[in-house]
Amino acid sequence: MDRLQIPLTAYESPWVNDDVRMFRNTVSQFVEKEFVPHQPRWRENRGPDAESWTNAGRAGILLADLPEEYGGGGGTFAHEAVVLEELARAGVHFGSAIQSTVAHYILGYGSEEQKRKWIPRLARGESVAAIAMSEPGAGSDLQAITTSARRDGEHYVINGSKTFITNGARADLVCLAAKTNPKAIGMRAISLIMVETKDLPGYRVGRALEKVGMHGQDTVELFFDDVRVPASNLIGGVEGRGFSQMMEQLPYERLQIAVGAVAMAEQAVAITTRYVKERKAFGKPLLDLQNTRFKLAECKTNAQVGRVFLDNCIERFIAGRLDEPSTAMAKYWLTESQCRIVDECLQLHGGYGYMTEYPIARMWADARVQRIYAGSNEIMKELIAWSL
Ligand SMILES: Cc1cc2nc3c(=O)[nH]c(=O)nc-3n(C[C@H](O)[C@H](O)[C@H](O)COP(=O)(O)OP(=O)(O)OC[C@H]3O[C@@H](n4cnc5c(N)ncnc54)[C@H](O)[C@@H]3O)c2cc1C
């Protein structure tokens, strides 16, 4: 995608310092050179090239906010945000956010041995991670999952299926939510177990799911048929903590989504501004029409208001003070705003806005799912409402 830099003179996020600025340069150059030219192929293959993971690892793009002692970038969420922003501005869908999320589960609850075994490989891109919570019969209501992990000596025997799993086609490390004790009440039934999928009997990756957008990213079903996994792969050492671990980590994933939402909205305004200056109707540029100017003024204002709220959330997250309702507000409001802005910008492109060769058309299709995954926006409103 043709990328326009947002003028820095107007506003710069307060969490950006010299180090973060330098990191942004590295990420932006890497994405431009290594990812952008291959997007048509990724989209056609319904997923990124295998070597994109190791290339990203070598460039230091993966696990930017994980500690250096485990091979991570040693940065803060500011560094993770930069990666997400640069990918979003370039129109690249690469599951590095999921890679970071899984690494944070291991960092947060894993044993020292588990951290040393898995996190460095994820940082180098030698391993690709997926997180498998959703099932055909249970998405929002995670307590209703039916995938089971029955203890059998030194192993768990896993049965069930998962759907909509991002990175699932390539993942060799799946962070799986399963019921270790189906008799336990509600949330205490669920545990998180790391499944190393390479040559694993009984494990099967289903077909690539045909999505409305985000075609360059793989999303698949996963099947587990008497899959045996060492009992030591349980995260946190004690069964029944999976649900609370997910509730603790989901805000990280939701903030990642909010970062992408604002970056895409800003990019939509930037490319549309350029388009309406070039495209003519009735003998003058579209920008000379008052409706065009007003619509873009509204979009730019919405994007800027969103940016300031997001920045506030990022700063509070880095300081360890971001509360759950605020994270839910960010995920809900910023993704709704992203969809409205992208839709208005598409309208200003006329018929060309509906052509997938135009970035705005792809943005429109890509944006829609932001209101659904990682907890739908209706669930976000429930979380906000609980704080009333
Ligand atoms: C492209 C894509 C990638 C994804 N990646 C992953 C992944 O990597 N890992 C993973 O585990 N999952 C992933 N998901 C799944 C995603 O998180 C779920 O789709 C989402 O949580 C919603 O669950 P559901 O689809 O089962 O919808 P449902 O739960 O069936 O919801 C249907 C509708 O009912 C509404 N609803 C449900 N409960 C309530 C309520 N209590 N109050 C009000 N409204 C409610 C929902 O908001 C929604 O509008 C992905 C999904 C997509 C589309």
Side-chain angles (χ1 to χ4, degrees), residues 42-43 46-48 88 92-105 122 128-147 158 160-179 186 190-195 197 205-224 235 242-243 245-247 249-254 256-258 260-261 264 328 331-332 335-336 338-339 362-386:
W42 289 21
R43 285 197 287 272
R46 298 291 189 257
V92 172
H93 299 288
F94 177 65
S96 61
I98 304 278
Q99 189 95 335
S100 294
T101 300
V102 172
H104 274 278
Y105 275 100
L122 293 173
V128 176
I131 179 139
M133 301 179 192
S134 307
E135 297 186 357
S140 303
D141 181 9
L142 283 175
Q143 289 187 36
I145 62 169
T146 56
T147 297
I158 300 169
S161 66
K162 297 286 175 179
T163 194
F164 303 140
I165 306 307
T166 307
N167 288 354
R170 289 216 185 278
D172 55 3
L173 189 64
V174 174
C175 179
L176 178 83
K179 284 201 166 151
I190 298 174
S191 302
L192 295 180
I193 297 170
M194 301 304 295
V195 182
T197 66
V205 176
R207 65 193 169 90
L209 298 172
E210 278 302 325
K211 306 189 293 272
V212 170
M214 289 196 180
H215 296 306
Q217 191 164 49
D218 53 311
T219 309
V220 297
E221 293 171 293
L222 302 179
F223 299 96
F224 301 82
I235 289 288
F243 193 81
Q245 290 164 350
M246 289 190 282
M247 293 307 110
Q249 292 296 327
L250 273 165
Y252 176 82
E253 212 174 326
R254 289 171 187 153
Q256 288 178 322
I257 288 170
M264 191 199 272
K331 197 273 175 182
Y332 144 60
T335 58
E336 301 273 340
Q338 169 192 12
C339 287
R362 295 199 297 272
M363 282 179 173
W364 187 74
D366 296 345
R368 188 60 183 83
V369 74
Q370 294 264 88
R371 289 157 57 191
I372 298 170
Y373 56 23
S376 70
N377 285 3
E378 290 72 32
I379 297 295
M380 294 306 101
K381 288 181 204 173
E382 281 292 358
L383 294 176
I384 299 160
W386 288 344

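What's counted below: heavy atoms across the whole structure, side chains too, no hydrogens, waters or symmetry copies. Counting convention: from 1, in listed order, for ligands and their atoms alike. Throughout, residue positions are numbered sequentially from 1 according to the sequence presented.
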Next item on the list: Apply side chain to side chain donor-acceptor pair (under 3.5 Å) to the pair Gln256 and Ser100, showing each step before the final yes or no.
Entry: CA-CA 10 Å; Gln256 288 178 322; Ser100 294; 4.6 Å; no

Next item on the list: Would you please write out the protein residues whose heavy atoms approach any atom of ligand 1 to under 4.0 angstrom, listed by chain and number?
Entry: Ile131, Ala132, Met133, Ser134, Gly139, Ser140, Phe164, Ile165, Thr166, Lys211, Val369, Ile372, Tyr373, Ala374, Ser376, Glu378, Ile379

Checklist line | Pairwise salt bridge (charged side-chain N to carboxylate O under 4.0 Å, His left out) hits with a residue in residues 373-383, at least two apart | finding: none

Notebook entry, point to check: Is any side-chain heavy atom of Tyr332 less than 4.5 Å from a side-chain heavy atom of Arg254?
Noted result: no

Note to self: Measuring only between side-chain heavy atoms, which start at C-beta, is Val212 closer than 4.5 Å to Arg368?
What the structure shows: no

Next item on the list: May I ask you to test the Leu209-Thr163 pair for a side-chain heavy-atom distance under 4.5 Å?
Entry: yes

Notebook entry, point to check: Any salt bridge between Glu253 and Lys331, counting N to O under 4.0 Å?
Noted result: no

